[in-house]
Structure formats: C-alpha cells, structure tokens
There are 2 protein chains.
Amino acid sequence: MREVAQLAGVAMSSVSRVLSGHPDVSVGMQSRVLAAVAELGYQPDLLAQSLRRQETMTIGFAVGDISNQLFAEIVASAETTLRTAGYSMLLTNSEASAELDAAHIRLLAQRRVDGIILSVGDEQNPDTLAALERLDVPVVILDRDVPMPGAVNVFSDHRRGMRQAVAHLLDLGHRDIAMINGQTLRPARERRAALEACYEERGLPPTYRFVDGTFSVEFGARAAGDLLSQEHPPTAIIAGGNQLMLGSLKVLRARGLRLGRDISFVGCDDIPVSELYDPPIAVVRRDTAAMGHSAAELMLALLAGEPVEDVTLPSEFVARASCGPVAKT
Amino acid sequence: MREVAQLAGVAMSSVSRVLSGHPDVSVGMQSRVLAAVAELGYQPDLLAQSLRRQETMTIGFAVGDISNQLFAEIVASAETTLRTAGYSMLLTNSEASAELDAAHIRLLAQRRVDGIILSVGDEQNPDTLAALERLDVPVVILDRDVPMPGAVNVFSDHRRGMRQAVAHLLDLGHRDIAMINGQTLRPARERRAALEACYEERGLPPTYRFVDGTFSVEFGARAAGDLLSQEHPPTAIIAGGNQLMLGSLKVLRARGLRLGRDISFVGCDDIPVSELYDPPIAVVRRDTAAMGHSAAELMLALLAGEPVEDVTLPSEFVARASCGPVAKT
DNA sequence: GTGAAAGCGCTAACAA
DNA sequence: TTGTTAGCGCTTTCAC
C-alpha cells in the first residue's frame, strides 16, 4: 500500500479511503489511486485490515464430522451464504471428540473469528461449556440443547417427522418397534419422545424398546444384530441417523431379511442409498441446505446487531416400501 | 499481553519470550509470567501474531463441492493432518464454477494463507491460471492436470483400477461398453485412456463409446437414459464418478433392468450405496483418507522447505455382482 | 537474561 | 478533501 501511495503521489490514508469507499474522496484522487492500484496489481492485506478493524470477516464452523453427508451438506450451504455476505469460513472437525470440541472453540476464539457456528458431540461437557462461557462473539448452535445463554439455535423438529413415521408403523400393525440411537443428544431425545408420545396417545402399552450407543456405522450394525438375535426380535426398526442406518442395513441384508415383508425399517436423513435401496427405504427427512443457510443467516443477523430468534425447521416422513404390514408368524 | 506484563512486573518482550519458548529465559521470569498468564486467563491474539510473524498458520482449501462425499472425506482427512501440525483450514466451496475457483484463490491469497490445497473444476481456465501465477505460497493440487510450475500434485492412478474393471468386463464377453464422464478433467481422461488401452491391447476394434457432460446426478441420469434408448444399447455401462453413478442407477432401476443380468454396471468411488445396492455394485475404489492426508503432508513438507515430489495413489477394482456375462439376445 | 523501541500493513482520529 | 499521526497486539533486533 505504501508503494501505491508513492506511485500515485498521495498519502497512504488516501489510498485506504479510496479502497474502502469513503464518501469524501475527489474524483481525481480516486482515479489516480485506482490507476496505481491497477498498475501494481495491489491487493490489500486482509490480515492487517482485520487487526486494525478488529473484525476478521471470518466465521468459525466447528463440526463433529464433516465426512458425514449430513454435515457436509450443511457446511456447503452455510459456506455459500457466508461467502456471499463477504465472510470466509474456518472449519474444524472434532471427530466426535468432546475435548476437541472445546479446544476448537478456544482456537477459533484465539483466531478472533467474528462468530462461531457449532455442532458439538456432547452437550454437557464442562470444558466445552467453559470455553463457550468465555466467548465474546455470537454463537449459533446447530440442533443441540447446549445450556448457553445468548446463543441462538437452529433446531430440527425431529418430533414431527418421527411421529408420522411411528404412526405409519402403528397403522401397519407394528407394536414391537425398536429405535437405535447414538449419543444422548437433542435429535435422539426428540425422536425418542416422539415414539413414546405416539404410543401414549393411542393408549397403547409401551412395547417399544431403545438401543443407545454411538452415532456410527459400527454401532448401527451391532445394535441391529443384537436386536435380531433376541428371542423376540422387533417387527420394525427405526435407525436414528444415517450412519446407524447404513450399519443396520448391512446386517439386515446379511441376514437375508426382506424389508417391508420380514421386518419394517425406517431411517433418518434422506441420503442417496435410501431411495436406491431395494426396496426403497422410508425415512424422516430434513432440509440440510436450509439448516446451513439458516445458521449462516442467523449469524449474519447477529453480526448486524439485529434481533434474532431461534429457528426450528421441519422434518417430514417419507413413506416407502421398507415399511409393510406386520408379518404373520 | 500488556496486562500480563504489568501484573508480572516485566516487559512485554519478556512475556512474549516466555510464551514462545525462547531459550534465554530465567526460571524466575518464566514462573512469574506464567502465573500472571494463568491469573488473567490470557490467550495470545493469533491475528496479531500472524501479522508480525508473517505467517498465518492457515491453509486454504479450495474445493469444488464439499457436499460431494468424495471431497468431504478428503477434506476431513486433510483437516486432521493439518490441525495436528498446528494449522487451521480455511475452506471455500466453488460450487463447480470456474470463476469462483479463481476468485477463491485470490481471496485466500489476500488472507495470507501459508499455502493452498486446490481441486479446481476447470484445468485450463485462464483466470484461475492467472491467479495461481501470482501466488507466492506453496500449492498442492488434487488430481488435476493444471499447468502450474512449482505446484505439487496428489494424483490418483485411475488407470490401474479402470483397466482392471474393463478387463473384467471384456472377460465377461462385453464388447459394447459405454463410459459416462463429467467435465474433461484428469480423472475422466485417465479413465478414458484406460478403456481405450484395454481394447487396443487385446487387438479388439474400438466398439466402446463415450458420453461426456457434467459431473452431476442429473447428467448421469440423462446419459444413462440416452444410452438405453438407442437402437443398440451398450451391454455394460461405466459411470465415471459417484454423482454420475447415482443418476445412472436411478434410470436403470426405473427401467426395471437387473444389473449383472440385463446389463452390467461399474461405478467409481466406493460410496455406501455401492455395497448396499441390490445387487452390489462393482466399483473402482480409491482411498480418500489417503488423498487428504497426502495432500496435507505434502503441504507441510513444502512449508518446511523439504524437497517433495508428486504423489500418485493407487486405485483398485472391486468386482461385485453388478457385472455379469453379456446377456444373450 | 531482560528491557526499550521499532514495525508488520492497515485504518481512523484529528488537523490542516 | 487530504495528510499526519497514532496504534491494533504482537515479535524481534538491539543495547544493556
């Protein structure tokens, strides 16, 4: 910038003013500076600018597992929205580790990001909460019940879609429904509550069961295997998450069970395999692009100082052939 | 930091020395400073540090489509490796647009990243090449033939796996093989060359065909539909990429074709659906984690000033039931 | 071994 | 309208 000023024969502050669109600049000044900028191919140093302006135009996105299709889509969508508004995205992947969650929040704070979008793997981890406590930038939390005052949330309404799913199964005659869930996080709690509510509303005894573990393909497989090996296997299985669904399907398939006939199955999150599987798999679907977009929009609103409220996005049940009437034995 | 110095009753430079592990610090100084740091909960400002040290400890990753499973896995792996070495990752998603590719390279440069990992959607775009030209940081390019001197490459050896795939199909009696590809990028060229080479080696006339378009689910579906509607449809289809595979499968399935019997099919990239499809789908597979890891390692080596060479990672064919003997008509 | 001072590249008061 | 000056928070010579 010093060179530009020299070449144009003006002060550095004038160059700065021209480049940042200050109102009080003469046309002559503007053209001289711009000419010098063009000649030198000058590009301002965003780092120095950040230090001085005390804003980095950068949003930190701390995500549990970016290689999970669900998060990948959310991140992609959020990045587009943020970038359009002039922000860049610093991405950290915590590999589902609570320690890394906390470390990443601190790291992002040290890097002076203007805000943080967060999807943690443990809602209660004291270290994470402590790190959040000390934060003085806006925080948007994705589909988690993190007790942090001041944070804004983007929730999925898991209950709605799950109630439709369970109602569908009950209508088909299923009473022994098993639900496989990962960690105790908001989505799992909501899905569970929806299942329980459905039985209760219909005055049915609680003949469902839950299997809780980790949100992984491996656990999905193990849980499904365990369920099928029991004396009275369930007549329907609900997998609470795409990884769990993939694991479960492997096992169901290995055992030669025909979905919708031998056993009914419902997945969560509409990944490519659900539609292409034979038979196609009924799922509770949500709009990942909307989630990422909403999170980014909320962040932008917070940064602009606008009043914002939590957002809840819908989920919906997509009935497919993997659900059928309960098999006669 | 000023406060820390005051509280400890020492100069700021001493605080800096303690925190950056300078060798010449007395034990007394060290303990006093650390005590003050702990008391104030001080965390150094990485932004200011970057400006002064002229290094940001940040790597830019410009990717075409992070919501594509393949890239999501590569990014996840690269992020882990970089983070372990103390680097953060600035992610830009170009949505397969060449203009955005170039803009992102410039943006990352302005943000003074220490290096860029790149997966562009157009290898020849002059604007992208111009942006790369002006770069003065290390560049690692992912599986593209970008004419940029000084850049280091992580290639996939697509030919190896594809030759195995084509050999397999030829052994099964297929002669009329159609290959669907996206943009003319390195992977497409390599796969194409492998197909041609296989025929030539066996002294077979070139009775294969190519359909080129864009790397998308939509084009995969259209291409497959077109092929099947021809007077003499191919007896085997190879989809050059996971998105093309998904699109093709939708159409094949809608037409009620049984893979491995009515028509044979080979996909690329081993996404979940390939194994779970009925029948399971033969694919040319590559190790996405290794790609991300290698790219990050190369970057770290470049930053350390170590001599580095291009890396080529293998691909392999996984035979599955989607390939069968050519159907008698 | 420690402190004082200069400066990374930029912006924002303040003066002119 | 433009230039001069100070300083964002840190590191790093250079003296002592």
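Below, read A as the first sequence line, B as the second, and so on, with proteins coming before strands; counting in each chain starts at 1.
Residues passing the salt bridge (charged side-chain N to carboxylate O under 4.0 Å, His left out) test with A/D127, sequence neighbours excluded: A/R106. Residues passing the side-chain hydrogen bond (donor to acceptor under 3.5 Å, both in side chains) test with B/R286, sequence neighbours excluded: B/D143, B/S156, B/D269. With sequence neighbours left out, B/E123 forms a salt bridge (charged side-chain N to carboxylate O under 4.0 Å, His left out) with B/R189. Scored by the salt bridge (charged side-chain N to carboxylate O under 4.0 Å, His left out) test, A/D101 finds no partners at all (sequence neighbours excluded). Qualifying side-chain hydrogen bond (donor to acceptor under 3.5 Å, both in side chains) partners for B/Q110, counting only residues two or more places apart in sequence or in other chains: A/Q43.
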Please tabulate, one pair per line, all N/O donor-acceptor pairs under 3.5 Å involving side-chain atoms of residues 60-75 of chain B, not counting sequence neighbours.
from	atom 1	to	atom 2	distance (Å)
B/D65	OD1	B/S67	N	3.0
B/D65	OD1	B/S67	OG	2.7
B/D65	OD2	B/S67	OG	3.4
B/N68	OD1	B/L70	N	2.9
B/N68	OD1	B/N242	ND2	3.1
B/Q69	NE2	A/S67	O	3.4
B/Q69	NE2	B/E73	OE2	2.8
B/E73	OE1	B/T288	OG1	2.5

Distance-only donor-acceptor pairs under 3.5 Å for side chains of residues 13-29 of chain A, two or more places apart:
from	atom 1	to	atom 2	distance (Å)
A/S20	OG	A/S16	O	2.7
A/S26	OG	A/M29	N	3.2

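Residue pairs meeting the side chain to side chain donor-acceptor pair (under 3.5 Å) criterion with at least one member in residues 28-42 of chain A, sequence neighbours excluded, do not occur. Under the side chain to side chain donor-acceptor pair (under 3.5 Å) criterion, the residue pairs touching residues 82-92 of chain A are A/E79-A/R83, A/R83-B/E95, A/R83-B/H104, A/S88-B/R111, A/T92-A/H104, with sequence neighbours excluded.
In this structure, the helix from C/dG1-D/dC16 to C/dA16-D/dT1 shows an angle of 40° between the axis at its start and the axis at its end, each fitted on 5 base pairs and rounded to 10°.
Listed by residue number, A/S13, A/S14, A/R17, A/D24, A/V25, A/S26, A/M29 are the residues of residues 12-41 of chain A with a heavy-atom contact under 4.0 Å to DNA chain D.
With a heavy-atom cut-off of 4.0 Å to chain B, the contacted part of DNA chain C has its first and last nucleotide at C/dG1 to C/dG9.
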